[in-house]
Amino acid sequence: MSIEKIKDNVYAVTDGSTRGNVAAYVLPNQVIFVDSGMHIPMIKRFREHIEQETGKKASTLFITHAHGDHVFGNQVFEDCEIITSELTHEAMVESKEKNWTPKAIEEWKKNAEDPAGLDGLKIVLANKTFADEYELIDGDVKVIIKRTGGHTEGSSYVYCPNYGTMFAGDNLFNHSFPWGGTPTSNPVKWAKAIQEYLDLEVEHYIPGHGSTSDKEPLEKFLDYLNKVISLMNDLIAEGETEEEIVKQADKVDYYPPREGREQWKALSLKKWYEVLSA
Ligand SMILES: [Zn+2]
């Protein structure tokens with residue numbers, strides 16, 4: 001695991017060792033963490049390292065959305081406020097009941113790169129929720145968490161204007177095709193969210209997967225999404241079949257999914273078609 005110091009007071013792990021990226025904002029009197037990844041010992045080390053280096057204690061964990069690779073380290077922050085959108089909280093409650101059963105977790109461990117990363121996994125839910133937006137203020141530093149939808153309906157970003165940094169969660173997969181096949185994925189809300197990110201004063205964007213960037217990959221992704229949306233809308237208006245529309249959209253140029261995730265593109269395009277044709 002390599003801990004990246006993005007700038008003064010902002011740290012992240014984006015090398016894939018924690019699966020979903022994680023970050024820490026160091027505020028005047030506390031440390032705020034964003035997402036908890038999927039490798040409990042590494043998340044614990046990340047927290048300890050930041051607390052030691054800064055001499056400040058973790059107070060809060062913000063959760064961007066309800067996927068296992070972003071929340072399975074929550075137990076490391078059980079003594080903190082764990083804050084997420086109501087919709088993400090509801091999705092986690094549902095997953096805990098239906099998908100994150102002890103049996104399913106055993107299966108995951110068998111297939112994980114490092115099964116020890118999930119040893120002793122306990123599903124820890126948020127203990128505080130917000131509808132659309134929440135602000136945390138410490139001295140003259142403000143951190144905003146705002147729900148936009150996109151990758152999932154509960155998806156939220158965490159923005160610190162003072163530090164010019166945003167953690168975008170899985171609305172950004174820098175330099176690879178994103179996972180857009182979730183039941184609540186919505187390409188129109190997604191494009192709107194990316195435009196909102198671009199309009200903010202941000203120097204460093206931390207994606208849910210991939211490396212930290214400036215605005216360039218966001219511009220590229222927004223351009224891609226807008227092309228797919230307008231192509232699909234035109235073909236839907238012309239009465240084309242789903243099969244033909246997905247086939248045409250597949251030709252729009254963009255990064256492929258990461259290795260082993262090749263099926264993501266077809267499933268995402270199918271989902272986006274479903275949303276646009278509804
Ligand atoms: Zn996700």
Side-chain angles (χ1 to χ4, degrees), residues 12-23 33-39 43 61-74 82-96 98-100 104-105 108 111-113 117-118 121 123-126 145-158 166-187 189-191 193-194 197 205-213 217-218 221 225 254-272 275:
V13 178
T14 64
D15 62 1
S17 60
T18 55
R19 287 283 296 276
N21 290 341
V22 297
F33 285 82
V34 188
D35 281 358
S36 66
M38 201 178 178
H39 193 293
I43 296 302
L61 171 69
F62 283 133
I63 294 293
T64 59
H65 69 293
H67 289 157
D69 54 336
H70 300 262
V71 302
F72 279 179
N74 281 10
I82 302 181
I83 304 178
T84 197
S85 67
E86 280 160 14
L87 290 175
T88 290
H89 179 65
E90 285 164 19
M92 282 188 70
V93 169
E94 197 184 330
S95 289
K96 189 177 177 177
K98 292 186 187 160
N99 314 103
W100 297 337
I105 288 162
W108 266 335
N111 300 319
E113 243 169 78
L118 289 180
L121 172 68
I123 304 298
V124 173
L125 299 172
I145 176 164
K146 187 175 171 195
R147 188 182 70 82
T148 60
H151 170 69
T152 66
E153 190 60 13
S155 286
S156 306
Y157 66 82
V158 182
M166 165 190 294
F167 189 103
D170 279 0
N171 272 359
L172 274 187
F173 273 68
N174 275 352
H175 308 109
S176 71
F177 197 93
W179 170 224
T182 66
T184 59
S185 166
N186 184 309
K189 289 181 185 176
W190 204 330
I194 303 296
Y197 301 173
Y205 293 92
I206 307 167
H209 300 269
S211 50
T212 301
S213 73
L218 283 78
F221 179 48
L225 263 182
Y254 194 59
Y255 296 104
R258 288 174 294 156
E259 211 191 314
R261 305 280 193 274
E262 289 78 9
Q263 76 282 18
W264 278 10
K265 191 177 181 190
L267 291 171
S268 300
L269 293 173
K270 212 168 143 34
K271 177 68 201 180
W272 295 344
V275 172

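In each ligand, atom 1 is the first atom listed, and ligand 1 is the first ligand listed.
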Apply side-chain hydrogen bond (donor to acceptor under 3.5 Å, both in side chains) to residues T152 and S155 and explain how you reach the verdict. CA-CA 5 Å; T152 66; S155 286; 2.7 Å; yes

Return the set of protein N, O or S atoms whose distance to the Zn ion (ligand 1) is under 2.8 Å, each given as residue and atom. H65 NE2, H67 ND1, H151 NE2, D170 OD2

Side chains of W179 and D170: closer than 4.5 Å at any heavy-atom pair? no

By ring-ring contact (aromatic ring centres under 6.0 Å, His included), H39 pairs with (sequence neighbours left out) none

Run the salt-bridge test on E86 and R147 with the 4.0 Å N-O cut-off and return the result as yes or no. no

Do the ring centers of F221 and Y254 come within less than 6.0 Å of each other? yes

Nearest 0.5 angstrom please: N171 CG to H65 NE2, how far? 8.5 Å

